[in-house]
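Note sheet for the following structure.
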Amino acid sequence: MNSHFITFEGPEGSGKTSVIEGVKHRLTQEGYDVLITREPGGVPIAEAIRNIILDVKNTALDPITEALLFAASRRQHVLEVIEPALAQGKVVLCDRYVDSSLAYQGVGRGLGVDTVFELNRFAIRDLLPSRTLFIDVPPKTGLDRIQQREGHLDRLDLESLTFHEKVYEGYRQLAQTYPDRIRIIDGLKPLEEVISDATRILLETLTKE
Ligand code: TYD
């Protein structure tokens with residue numbers, strides 16, 4: 001566990017990306033050296049793997065293959081981006097990490113949280129975040145938000161509302177299983193308040209070292 005490794009999770013359209021940008025700004029003002037990253041993190045191998053997963057043409061992709069590919073992409077991102085940044089003393093804010101696989105593949109696809117965790121442990125070894133912020137937005141609200149946005153919807157965005165409801169339930173279960181690590185943040189509040197709530201929790205996490 002590394003106290004500088006922080007992950008952000010949430011359903012589609014939870015506003016994670018804007019929250020992370022805001023948090024980075026605040027933490028930087030507090031003097032932290034902050035890196036924002038998200039899988040595949042600009043790592044060409046991880047990117048090639050993710051293109052397979054998210055391509056809307058790949059309707060035949062099996063759920064176990066999907067879980068293995070996410071874990072493979074994650075490993076490369078850990079090795080090439082996350083671990084080097086932590087070694088340099090940076091605070092790493094990562095947009096989605098292993099909990100996404102637990103919620104989407106473990107619960108959404110029904111592979112089971114324990115099974116998906118086990119295969120991810122092979123990929124990430126002991127690198128778990130010290131704090132995970134779950135930006136809580138009901139799945140229907142999140143999906144409405146992304147449909148109103150310009151731009152491309154990927155293979156997972158296009159899954160049914162039922163699938164996304166399972167993912168959401170998966171996240172809620174994870175927050176109960178790991179209450180020390182995962183904090184729930186109300187993502188329906190105005191963005192500036194969500195950023196303040198997230199920053200407050202992270203400053204506590206970072207100063208507890
Ligand atoms: P991402 O590119 O992070 O999109 P966003 O955070 O903007 O929704 O993730 C793409 C999709 O892949 C998203 O629907 C969540 C899903 N996903 C998984 O199913 N498992 C995973 O392990 C990860 C990281 C993402």
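Counting begins at 1 with the first residue of the sequence.
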* Specify whether Y168 and F134 have parallel, tilted or perpendicular ring planes, treating 30° as the upper limit for parallel and 60° as the lower limit for perpendicular. => tilted

* To do: Report the relative orientation of the aromatic rings in H4 and Y32; use parallel for angles under 30°, tilted for 30 to 60°, perpendicular for over 60°.
  => perpendicular

Distance check, rounded to the nearest 0.5 Å: [X] atom [atom1] versus [Y] atom [atom2]?
X: I184; Y: I135; atom1: CD1; atom2: CD1; value: 11.0 Å
X: L93; Y: R38; atom1: CG; atom2: CZ; value: 13.0 Å
X: I82; Y: H77; atom1: CD1; atom2: NE2; value: 4.5 Å
X: Q147; Y: E12; atom1: CD; atom2: CD; value: 10.5 Å
X: L127; Y: L86; atom1: CG; atom2: CG; value: 6.5 Å
X: I52; Y: L69; atom1: CD1; atom2: CG; value: 6.0 Å

* Asked: Are T132 and R181 linked by a side-chain donor-acceptor pair shorter than 3.5 Å?
  -> yes

* Say whether Y178 and R183, considering side chains only, have a donor N or O and an acceptor N or O under 3.5 Å apart. => no

Please tell me if the side chains of [X] and [Y] come closer than 4.5 Å, counting only heavy atoms from C-beta onward.
X: K166; Y: Y104; result: no
X: V107; Y: L102; result: no
X: R125; Y: R75; result: yes
X: R121; Y: L128; result: yes
X: T115; Y: I64; result: no
X: L203; Y: E30; result: yes
X: V43; Y: V81; result: yes
X: F163; Y: L156; result: yes

How far apart are the closest heavy atoms of [X] and [Y], and which atoms are they?
X: G42; Y: P44; result: O-CD, 3.4 Å
X: S130; Y: I6; result: OG-CD1, 4.3 Å
X: S101; Y: N120; result: CB-ND2, 3.8 Å
X: Y171; Y: S100; result: OH-OG, 3.3 Å
X: L174; Y: I182; result: O-CD1, 3.6 Å
X: A67; Y: L119; result: O-CD1, 3.9 Å

* side chain to side chain contact (heavy atoms under 4.5 Å, CB included) between I36 and E21, worked out -> CA-CA 8 Å; I36 295 181; E21 288 292 340; 3.9 Å; yes

When you group the ILVMFWY residues by side-chain heavy-atom contacts below 4.5 Å and let the links chain together, are [Y] and [X] in the same group?
X: L158; Y: L143; result: yes
X: L35; Y: L79; result: no
X: L161; Y: L153; result: yes

* Around atom CD of Q29, are there more than 12 heavy atoms of other residues, nucleotides or ligands at under 6.0 Å? -> yes

* L191 atom CG, over 12 foreign heavy atoms within 6.0 Å -> yes

Flag the pair [X] and [Y] as a salt bridge only when some basic side-chain nitrogen lies within less than 4.0 angstrom of an acidic carboxylate oxygen.
X: D186; Y: K189; answer: no
X: D180; Y: R131; answer: no
X: R26; Y: E192; answer: yes

* Asked: Do any pairs count as a salt bridge (charged side-chain N to carboxylate O under 4.0 Å, His left out) and have a residue in residues 168-179, sequence neighbours left out, and if so which ones?
  -> D136-R172

* Any salt bridge (charged side-chain N to carboxylate O under 4.0 Å, His left out) pairs touching residues 153-164, not counting sequence neighbours? -> E66-R155, R109-E159

* Evaluate the side chain to side chain contact (heavy atoms under 4.5 Å, CB included) criterion for residues K24 and V19: first the C-alpha distance (whole Å), next the side-chain angles of each, then the deciding distance (0.1 Å), finally the verdict. => CA-CA 9 Å; K24 176 183 178 180; V19 176; over 6 Å; no

* Who else is in L188's hydrophobic cluster (ILVMFWY, side-chain heavy atoms under 4.5 Å, direct or via others)? -> V137

* Asked: Would F8 and Y97 count as a close aromatic pair, with their ring centres under 6.0 Å?
  -> no

* Can R74 and I124 be said to form a side chain to side chain contact (heavy atoms under 4.5 Å, CB included), step by step? -> CA-CA 7 Å; R74 178 161 303 132; I124 63 171; 3.8 Å; yes

* To do: Determine, step by step, whether V113 and T177 satisfy the side chain to side chain contact (heavy atoms under 4.5 Å, CB included) criterion, reporting the C-alpha distance in whole Å, the side-chain angles of both residues, the deciding distance to 0.1 Å, and the verdict.
  => CA-CA 11 Å; V113 169; T177 310; over 6 Å; no

* Do H25 side-chain atoms and I20 backbone N/O form a donor-acceptor pair below 3.5 Å? -> no

